Amino acid sequence: MTGAGSDPARWRVVGRTADGIVLVDLTAALTEIGRVRVGDDGWRAVASNSPHGVRWVWSDTARWYPALLADGVVIARAHDLRLCHAILRASTLVSAPAALRAQPAWDAPAVNAPSTAAPALFDLAEGLSDAGTSGLLGGGTVPYAPESIDDALSELRRQEEALASASDPGRLRLLLAAESAGALLAVELHAAGVPWRREVHESILETALGTRPRNGSPPRRVRELADVVRAALGDPAASLDSQPKLLRSLHRAGVPARSTSRWELAEYEHPVIAPLLAYKKLMRLLTANGWSWLDEWAADGRFRPVYVPGGVVTGRWASSGGGALQLPRQLRPAVHADPGWTLVVADVAQLEPRVLAAMAGDTALAEAARGHDLYDGIVAAGTIRTRAEAKVAMLGAMYGATTGDSGRLVPVLRRAYPRAMGLVDAAARTGADGGAVTTWLGRSSAVGDAVWHEVQARAGTPDASDADRARARRSAGDRGRFTRNFVVQGTAAEWALAWLAGLRGELAALPAVTVKDAAQASGPLFSRRAHLCFFLHDEIIVHTPASQAEQVAAAVRRSADRAARLLFGGFPIDFPLDLRIAEDAAKG
DNA sequence: AATACAAGCGCG
DNA sequence: AAAGCGCGCTTGTATT
């Protein structure tokens, strides 16, 4: 920890338990530090003493950490009870989960999650929905995880007991630590923000759309294209923004498209197609990432999406607000380092198939993955002729494709890499039977819910109709594709969390720089040292003083290697990075 | 008037 | 060429 409040002696310690847990009054500590108050009652946090230093145990990182961070307090290690509860209560590695499952109050969704969040589904399936989530189902107020220190302590005990019952507690402990580190980082990423150049964004918009209209009318290029499209349709009044109306106009003009999606329209030869596709592209840019987006999300020179750790059932992060997961490539040049600073942009090449090779212990696939490009490796091994085919085949294997080019090539992979393909095929069978599957470190999917089982049961009765049987087959297939992908996507998310957590620690150890290089827009906390500023599944951006770029790049690579060893020990699998040091995040 | 849903497209 | 996983967001339309 660093910062004014980092010395545990300055926090008001209110008690100690026999096993080294220190009870801390977080509210008092904040009052002591100054301005920020997160609440007026009760005890908020416990700190567990370990040989590695203090690990904060609290109900919900998203609930408590922003205020601390705003006060300059950086927490090094944490245990997020809400996130860890979600993992442990469902993990098939835990043999005694009953005590955790009897605590639905801890199933509260993330503070920033939308009110229709997934946990409601989970609770219904388990038959445990009650006061803790009923408000959620009714679209009412979003409940918080319990906040009293007594609640936190008893939940911590339950989680320790669940861990003690686990068949492989080491993996789960690693997952819980990584998940909690991710929760800290998510708050820090929001606070730091992605350095954003307004003038670059504006110039992209003006080049594509024309100058910003004053009154909310469409910009010039959009109007011009709309005129061209209407002329080609022979319909001066055609509505281009309503799917059903546009479809009817297309039919009248002799384009028998069934939908107005881009890939289908591209099939037809007609003068309206090219301008219409161009129009749709411009409208997308305008509505999703136009001037209003810029004003709302990046006005102060930083783009601050809200990250939601554990927001996806597989363990990936979700986001809420700003569309962090959809930052279009077109706008990447607007991601631009401050003066005197630079960006280190890195992503993992083919993370998911590499993870699959390691999980399955598939040395043939791991061999193809050695070096840089896994798909080239598959071609070099003589398995499949072209890189493009190798890619669609591998994606098809991990997503459950059954038709088209992709489905046709999957059997080829099955022969060449029986262990890797056997793992995803087995996961698909488990899912299609209604079962739960589990990632490498122990995050499990839900089992099929009551509705799902009902559909399957109906198809087996003597009076079942063809429609009943088709419905059951389809829902079994849907579930199989979900669990097939779950094990791979979820383990990839674990690898990424381990990468992030390690890198976060390494960056904290780098020396701060002199104030004249300060990145002003991030505020004092992130203005003097290298920090992560963006994360998206398998990609990171570090904003760093230019003088430390090489050190940061080395740390990024080292963290990736350490994540590989942490998860997969000595199994020979590479995780090569595409890494560049640049002023902006534009690709290539 | 408020809310739910589908279509479409952006990202991995 | 357009199937097969996971998301979030905007728009228009249907529902209440």
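Naming convention: chains lettered A, B, ... in sequence-line order (proteins, then strands); numbering from 1 in each chain. Remember, it's a predicted structure, so these values are computed and weren't measured experimentally.
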Notebook entry, point to check: With a 4.0 Å cut-off on heavy atoms, is A/Leu325 in touch with a base, just the backbone sugar-phosphate, or nothing at all?
Noted result: base
Next item on the list: Could you check whether A/Asp538 gets within reach of a base, just the sugar-phosphate, or nothing at all, counting any heavy atom under 4.0 Å?
Entry: sugar-phosphate
Next item on the list: From the options B/dG10, B/dG12, C/dA2, select the nucleotide whose nearest atom is closest to the side chain of A/Glu539.
Entry: B/dG12
Margin query: Please report the distance, rounded to the nearest Å, between NZ in A/Lys281 and C1' in C/dT11.
Written below: 18 Å
Next item on the list: Report, as yes or no, whether the 6.0 Å neighbourhood of atom CZ on A/Arg197 holds more than 12 heavy atoms from other residues, nucleotides or ligands.
Entry: yes
Check: Would one find a side-chain N or O of A/Lys245 under 4.0 angstrom from OP1 or OP2 of C/dG12?
Finding: no
Check: Within this structure, what is the CD-to-C1' distance between A/Glu352 and C/dC5, rounded to whole angstrom?
Finding: 8 Å
Note to self: Nearest to the A/Trp263 side chain among C/dG4, C/dA2, B/dG10, which nucleotide is it?
What the structure shows: C/dA2
Check: Roughly, in whole Å, what's the span from CG in A/Asp241 to P in B/dA7?
Finding: 17 Å
Item checked: Value in whole Å for how far the P atom of C/dG4 lies from CE of A/Met398 -> 16 Å
Next item on the list: Check whether any side-chain nitrogen or oxygen of A/Thr260 sits under 4.0 Å from OP1 or OP2 of B/dG8, and answer yes or no.
Entry: yes
Item checked: Nearest-0.5 Å distance, CZ of residue A/Arg252 to CG of residue A/Leu247 -> 10.5 Å
Next item on the list: Tell whether A/Gln243 reaches the base of C/dG12 with its side chain through a donor-acceptor pair below 3.5 angstrom.
Entry: no
Notebook entry, point to check: For residues A/Thr92 and A/Thr438, is any side-chain donor paired with an opposing acceptor at under 3.5 Å?
Noted result: yes
Check: Heavy atoms under 4.0 Å, any strand shown: does A/Gly323 hit a base, just sugar-phosphate, or nothing?
Finding: sugar-phosphate
Item checked: d(CZ, A/Phe303; C1', B/dG10) in whole Å -> 12 Å
Margin query: Heavy atoms from C-beta onward define the side chain here; which of B/dG12, B/dG10, C/dG12 lies closest to that of A/Arg332?
Written below: B/dG12
Next item on the list: Please work out if A/Arg329 contacts a base, only the sugar-phosphate, or nothing of the nucleic acid, heavy-atom cut-off 4.0 Å.
Entry: sugar-phosphate
Note to self: Any side-chain N or O of A/Thr314 below 4.0 angstrom from OP1/OP2 of C/dG6?
What the structure shows: no
Item checked: Rounded distance in Å between the P positions of C/dG4 and B/dG12 -> 22 Å
Notebook entry, point to check: B/dG12, C/dT10, C/dG6: which one has an atom nearest the side-chain heavy atoms of A/Leu536?
Noted result: B/dG12
Note to self: From CG of A/Leu246 over to P of C/dT10, roughly how many Å is that when rounded to an integer?
What the structure shows: 21 Å
Next item on the list: Report the C-alpha separation of A/Glu352 and A/Arg316 in whole Å, then their side-chain angles, then the decisive distance to 0.1 Å, and conclude whether the salt bridge (charged side-chain N to carboxylate O under 4.0 Å, His left out) test is met.
Entry: CA-CA 13 Å; A/Glu352 291 190 354; A/Arg316 274 187 174 182; 3.4 Å; yes
Next item on the list: For residues A/Phe535 and A/Trp499, establish whether the separation of their ring centroids is below 6.0 Å.
Entry: no
Notebook entry, point to check: Relative to the 5' end of DNA chain C, which residue comes earlier, A/Ala318 or A/Glu267, by the nucleotide with the nearest heavy atom?
Noted result: A/Glu267
Checklist line | Closest listed nucleotide, where the reference is the side chain of A/Arg284 and the choices are B/dG12, C/dT11, B/dG10 | finding: B/dG10
Next item on the list: To the nearest Å, give me how far apart CG (A/Leu240) and C1' (B/dC9) are.
Entry: 17 Å
Margin query: By nearest atom, which of the nucleotides B/dG8, B/dG12, C/dA3 is closest to the A/Tyr399 side chain?
Written below: B/dG12
Next item on the list: Spell out yes or no: do the side chain of A/Arg481 and the base of C/dC5 have one donor N/O and one acceptor N/O closer than 3.5 Å?
Entry: no
Check: Rounding to a whole Å, what distance do you find between A/Tyr268:OH and C/dA2:C1'?
Finding: 13 Å
Check: When the ring centroid of A/Trp440 is compared with that of A/Phe568, is the distance short of 6.0 Å?
Finding: yes
Next item on the list: Mind running side chain to side chain donor-acceptor pair (under 3.5 Å) on A/Glu389 and A/Thr386 for me, showing each step along the way?
Entry: CA-CA 5 Å; A/Glu389 287 178 317; A/Thr386 68; 3.3 Å; yes
Check: So which nucleotide from C/dA3, C/dC5, C/dG8 ends up closest to the side chain of A/Thr403?
Finding: C/dA3
Check: With both distances kept under 3.5 Å, what pairs with C/dA3, Watson-Crick or G-U wobble?
Finding: none
Item checked: Donor/acceptor link under 3.5 angstrom from A/Arg316 side chain onto base of B/dG12 -> yes
Notebook entry, point to check: Among the nucleotides B/dG10, B/dG8, C/dA3, which one has an atom lying closest to any side-chain atom of A/Ser259?
Noted result: B/dG8
